[in-house]
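Only one structure is covered here, and it is reproduced in the block below.
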Amino acid sequence: MQPRMNHPAMILPGAMQALQALSAATEKAGLSARTLELVHLRASQINGCSVCLDMHSQALRKHGETDERLFTVAAWRDTPYFTEAERAALALAEAVTRLSDQADPVPDDIWQEATRHYDEAALAALLLAIATVNVWNRLNAATRQVAGAWRTSAEARQWVERSAAAVQ
């Protein structure tokens with residue numbers, strides 16, 4: 001497999017740093033790294049981004065995530081493995097990722113459930129994390145980036161190290 005082009009974020013000066021800075025800001029907001037990674041994984045499943053599916057499942061493994069949870073993220077509503085707060089975050093991720101699927105893209109019941117579990121700063125971090133992973137998904141899918149190739153870049157290694165350190 002070959003990508004259509006080099007990754008756009010690596011071509012334009014400052015683009016990679018801007019996306020990484022946005023990710024870093026969401027990571028510092030006090031949400032658990034597992035919740036952020038679950039949200040990233042679910043959005044990437046919806047968008048069919050092989051690069052992000054590979055990356056975020058690897059990150060979740062490093063965070064000690066169980067097979068049961070990893071294998072059932074796409075069916076989180078039908079499994080007992082997720083907390084109520086994680087369910088609220090996953091529902092929000094699905095709604096924000098699928099904006100055009102319904103007239104009211106983020107229905108009040110999804111929003112209200114999220115506000116039961118997350119304060120304003122945490123909601124801001126969740127929304128920015130969802131938006132950011134959707135940017136990555138779209139860039140990767142459009143340019144057909146190859147899953148696994150991200151591990152060879154210095155930027156990816158730094159991200160994985162930073163992500164792993166956030167859990168500890």
Side-chain angles (χ1 to χ4, degrees), residues 1-65 69-71 73-74 76 86 89-102 105-106 110 114 118 120-168:
M1 301 181 86
Q2 293 293 320
R4 289 179 165 160
M5 64 182 283
N6 289 329
H7 200 287
M10 301 221 185
I11 294 172
L12 294 180
M16 177 63 79
Q17 293 82 357
L19 289 169
Q20 287 179 326
L22 189 53
S23 291
T26 65
E27 292 165 7
K28 294 176 186 170
L31 289 170
S32 79
R34 280 188 177 179
T35 298
L36 286 173
E37 290 296 342
L38 287 169
V39 163
H40 293 158
L41 186 64
R42 183 63 189 123
S44 300
Q45 288 172 332
I46 293 166
N47 291 325
C49 180
S50 63
V51 172
C52 290
L53 286 168
D54 181 48
M55 178 185 297
H56 297 295
S57 62
Q58 296 284 336
L60 281 161
R61 285 244 186 233
K62 287 187 181 200
H63 295 314
E65 197 55 79
R69 285 167 48 98
L70 275 174
F71 298 158
V73 170
W76 60 268
E86 289 168 337
L90 289 165
L92 186 62
E94 287 181 358
V96 172
T97 298
R98 294 177 163 151
L99 290 175
S100 66
D101 285 2
Q102 48 192 353
V106 182
I110 290 174
Y118 302 102
E120 189 172 37
L123 278 170
L126 269 175
L127 290 167
L128 287 169
I130 295 163
T132 303
V133 77
N134 274 281
V135 168
W136 284 112
N137 290 169
R138 283 151 176 73
L139 292 172
N140 291 332
T143 60
R144 293 188 181 156
Q145 297 299 305
V146 179
W150 65 272
R151 287 187 215 121
T152 62
S153 74
E155 292 87 358
R157 284 192 300 276
Q158 290 171 351
W159 179 84
V160 169
E161 290 168 8
R162 188 175 71 244
S163 180
V167 172
Q168 300 171 351

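These numbers come from a predicted model, not from an experiment.
Arg34 contributes a side-chain N or O that, together with a main-chain N or O of His63, makes up a donor-acceptor pair within less than 3.5 Å.
For an aromatic pair to be called close, the ring centres must be under 6.0 Å apart, and Trp136 with His56 fails this.
Val51 is not listed as a side-chain neighbour of Val146, based on a closest heavy-atom distance of 4.5 Å or more. Pro3 is not listed as a side-chain neighbour of Thr143, based on a closest heavy-atom distance of 4.5 Å or more. Asn140 has its side chain out of reach of Asn47: every pair of non-hydrogen atoms, C-beta onward, lies at least 4.5 Å apart. A heavy-atom distance below 4.5 Å is not found between the side chains of Tyr118 and Leu92. Put simply, the side chain of Ile46 does not reach to within 4.5 Å of the side chain of Asn137, judged on heavy atoms.
A donor-acceptor pair shorter than 3.5 Å can be found between the side chains of Trp76 and Glu94. Of the N and O atoms on the side chains of Arg42 and Gln45, at least one donor lies less than 3.5 Å from an acceptor on the other residue.
Distance CD1/Ile130 to OG1/Thr97: 6.5 Å, rounded to 0.5 Å. A distance of 10.0 Å separates SG of Cys49 from CG of Asn134, quoted to the nearest 0.5 Å. The line from CG of Leu90 to OG1 of Thr35 is 8.0 Å long, rounded to the nearest 0.5 Å. A distance of 10.0 Å separates CE in Met55 from CD in Gln58, rounded to the nearest 0.5 Å. Atom-to-atom distance recorded for Glu27:CD and Glu37:CD is 7.5 Å, nearest 0.5 angstrom. The CG atom of Leu53 sits 12.5 Å away from atom NE2 of His40, with the distance rounded to the nearest 0.5 Å.
Closest non-hydrogen pair, Gly148 versus Asp54, comes out as N-OD2, 3.2 Å. Shown here for Ala142 and Arg4, the closest heavy-atom pair between the two residues is O-NH1, 2.8 Å. Taking all atoms of both residues into account, the shortest heavy-atom contact from Leu19 to Ala9 is CD1-CB, 4.0 Å. The two atoms that bring Ala125 and Thr26 nearest to each other are O-CG2, 3.6 Å, heavy atoms only.
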Please step through side chain to side chain contact (heavy atoms under 4.5 Å, CB included) for the pair Leu41 and Leu60, ending with a clear verdict.
CA-CA 9 Å; Leu41 186 64; Leu60 281 161; 3.8 Å; yes
Checking side chain to side chain contact (heavy atoms under 4.5 Å, CB included) for the pair Met5/Ile11: CA distance, chi angles, key distance, verdict?
CA-CA 10 Å; Met5 64 182 283; Ile11 294 172; 3.3 Å; yes
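Atom CD of Gln2 has 12 or fewer heavy atoms from other residues, nucleotides or ligands within 6.0 Å. For CZ of Arg98, the number of neighbouring non-hydrogen atoms (other residues, nucleotides, ligands) closer than 6.0 Å is greater than 12.
Tested against Ser44, the residues Ser57, Ser50, Cys52 include a single side-chain contact (heavy atoms from CB on, under 4.5 Å) partner, Cys52.
Contact check on Glu86 versus Arg69 returns a salt bridge, with a Lys/Arg side-chain nitrogen under 4.0 Å from an Asp/Glu carboxylate oxygen.
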